[in-house]
Engineer: 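Would you mind keeping the following structure in view while I ask a few things?
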Number of protein chains: 2
Amino acid sequence: MSGRRRGPSTTRQELLDAAREVFADRGDSATTREIAGKAGVDPAMIAHYFGSKGGLFDVVTSLSVDPADVVAPVLEASPDDAARELLTTLIGVWDSHSSMLAALLRTATRNKTLAAQMRTFILDRGIRPVVIRFSPDPSEVETRAALMATQVAGLVLARYVLRWEPIASAEPAWVVEHIAPAVQRYLIGPLE
Amino acid sequence: MSGRRRGPSTTRQELLDAAREVFADRGDSATTREIAGKAGVDPAMIAHYFGSKGGLFDVVTSLSVDPADVVAPVLEASPDDAARELLTTLIGVWDSHSSMLAALLRTATRNKTLAAQMRTFILDRGIRPVVIRFSPDPSEVETRAALMATQVAGLVLARYVLRWEPIASAEPAWVVEHIAPAVQRYLIGPLE
DNA sequence: GACGGAATTCATCACGTGGTGAATTATGAG
DNA sequence: CTCATAATTCACCACGTGATGAATTCCGTC
């Protein structure tokens, strides 16, 4: 039957929830029909509330925090704890936005715009400020940041996208303790 | 005009070349029309030579070597050089199959079957044998292998898929020298 | 309780997808 | 030279996609 449903409308929120799941699974190649299906609603509601599938993707994917803000407290840490602090912070944020992160990376692998945005996200605004703070030799900043990005990106890929065990289900603290040394070395250890 | 072209047919090979490029760019969401277009040929030739788009993808993507074979010589290295040898070997192979690797990972992010295959590829057949050889404490093998996989997967993502500079264009030796220490620590260093 | 506006579904569209089969042309073996 | 066979294009199909607009039903306000 067409026509408005009885009671207060929860459709917009249920679309967001469903979209988060489905986008996290398939990236933006997810289907409006599948999202709407999971939300128990007609696909036309997506256009109604979000203009288009892309609009919905943007909303789902931009509930994001600016990494620069998040990472700011790390700049106050002692040099010995810098990597640990950085990872704790990043994992904290990402664990609570894991479906957004998965959707972003899944899509970024085939979308240059989004790939650039993700590079900025992780490398420019997340990692480089920390490098500049703790290892300010200008001739080394790019190298150190890139190497750190490599390790961090691999963590994201394994934990949130490919969901490799035991990384995917490990406690945040466990992940931090095991990976921080590598990051710490890239940050202030010897280069090569 | 329809009908056979004059001269010997290079179509099959040109389809393979075009497909390697396009699949590397977009993963298997690439279009038969685009591949055929780049090859200067009608899309129907894909079905003719490879049965289906999936068949073409499989062929392009399975020119691959078994990592277990490739990695075998690493098992002879001295413990101090193990990570360096492993990375040198892997990068050597991957640099010469980089489009295949990019296509695989781009697709694996949205395809559970392929994701599992890739996990086997990198972790089970590439990394774990090396861990068992150099760090055979059974209670630690899984952890060490997973941590190494994290770093290696990040390298693949940055160098071949997202093409982050300076990682993407760096000389193999440069990459090995800078990343080997982290891998080496995961392999035989202290855990946490 | 009447009525404007919001919510919802439905039928439908235009389009891009991969795939198929017939028609056409060149090749190469006998 | 002949003719089976392979190579190639073309027209076309069935299908799934995202989107649109009208029709229907409910909500809230006056």
Side-chain angles (χ1 to χ4, degrees), chain A residues 1-62 103 106-107 109-111 113-114, chain B residues 1-62 103 106-107 109-111 113-114:
Chain A
M1 307 281 174
S2 69
R4 185 171 189 156
R5 296 177 176 183
R6 279 178 266 167
S9 172
T10 62
T11 297
R12 198 189 133 94
Q13 189 56 46
E14 282 182 70
L15 273 178
L16 282 172
D17 294 342
R20 230 171 268 126
E21 267 190 63
V22 180
F23 281 142
D25 253 38
R26 314 212 193 308
D28 71 350
S29 62
T31 261
T32 57
R33 286 173 166 82
E34 184 178 359
I35 295 170
K38 179 158 278 176
V41 142
D42 189 275
M45 300 310 288
I46 291 176
H48 185 252
Y49 281 111
F50 304 97
S52 68
K53 177 179 129 175
L56 175 54
F57 184 84
D58 289 346
V59 172
V60 164
T61 218
S62 71
R106 285 202 155 94
T107 306
T109 52
R110 286 159 307 135
N111 177 321
T113 305
L114 223 58
Chain B
M1 307 279 172
S2 69
R4 183 171 189 156
R5 296 176 176 182
R6 279 177 264 164
S9 171
T10 63
T11 296
R12 197 190 133 93
Q13 188 56 45
E14 282 181 69
L15 273 177
L16 282 172
D17 294 341
R20 231 172 267 123
E21 267 188 63
V22 181
F23 281 143
D25 255 38
R26 315 213 192 306
D28 71 350
S29 63
T31 261
T32 57
R33 284 171 166 86
E34 183 179 0
I35 296 171
K38 180 158 276 177
V41 140
D42 190 275
M45 300 311 288
I46 292 176
H48 184 254
Y49 281 111
F50 304 97
S52 70
K53 176 179 130 175
L56 175 54
F57 184 84
D58 289 345
V59 172
V60 163
T61 221
S62 72
R106 284 202 156 93
T107 306
T109 51
R110 285 160 307 132
N111 177 319
T113 305
L114 223 58

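Order of the sequence lines sets the chain letters (A, B, ...), proteins ahead of strands, with each chain counted from 1.
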Engineer: What's the separation between atom CZ in A/Arg33 and atom CG in A/Asp42, rounded to the nearest 0.5 Å?
Structural biologist: 9.0 Å

Engineer: Please tell me if the side chains of A/Val41 and A/Ile35 come closer than 4.5 Å, counting only heavy atoms from C-beta onward.
Structural biologist: no

Engineer: Rounded to whole angstroms, how far apart are CD1 on B/Ile46 and C1' on C/dT20?
Structural biologist: 14 Å

Engineer: Quickly work out the A/Asp42 CG to D/dA19 P distance and round it to whole Å.
Structural biologist: 13 Å

Engineer: Nearest whole angstrom, please: distance from the P of D/dG18 to the CG of A/Leu15.
Structural biologist: 13 Å

Engineer: Can you list everything that forms a salt bridge (charged side-chain N to carboxylate O under 4.0 Å, His left out) with B/Glu14? Sequence neighbours excluded, please.
Structural biologist: none

Engineer: Measuring only between side-chain heavy atoms, which start at C-beta, is B/Leu56 closer than 4.5 Å to B/Phe23?
Structural biologist: yes

Engineer: Would you indicate whether the side-chain heavy atoms of B/Arg110 and B/Asp28 approach each other to under 4.5 Å?
Structural biologist: yes

Engineer: Taking all non-hydrogen atoms of both residues, which atom of A/Asp25 and which atom of A/Arg106 are closest, and how far apart?
Structural biologist: O-NE, 3.2 Å

Engineer: For residues A/Thr109 and B/Thr107, determine if any side-chain heavy atom of one lies less than 4.5 Å from a side-chain heavy atom of the other.
Structural biologist: no

Engineer: Looking at DNA chain D, which of residues 27-41 of chain A put a heavy atom within less than 4.0 Å of it?
Structural biologist: A/Ala30, A/Thr31, A/Thr32, A/Arg33

Engineer: Grab the CZ-P distance between A/Arg26 and D/dT17 for me, whole Å please.
Structural biologist: 11 Å

Engineer: B/Lys53 has an atom NZ; how far is it from atom P of C/dG18, in whole Å?
Structural biologist: 4 Å

Engineer: Using atom CZ of B/Arg4 as one end and atom P of D/dA4 as the other, report the distance to the nearest whole Å.
Structural biologist: 16 Å

Engineer: If only side-chain N and O atoms of B/Thr11 are considered, is one of them under 4.0 Å from the OP1 or OP2 phosphate oxygen of D/dT8?
Structural biologist: yes

Engineer: Touch check for B/Tyr49, heavy atoms < 4.0 angstrom, all strands: base, sugar-phosphate only, or nothing?
Structural biologist: sugar-phosphate

Engineer: Distance check needed: D/dT9 C1' versus B/Arg5 CZ, whole Å only.
Structural biologist: 9 Å

Engineer: How long is the line joining CZ of B/Arg6 and C1' of C/dT25, in whole Å?
Structural biologist: 11 Å

Engineer: Side chain of B/Ala47, heavy atoms from C-beta onward: which of C/dT20, D/dA23, D/dT20 has the nearest atom to it?
Structural biologist: C/dT20

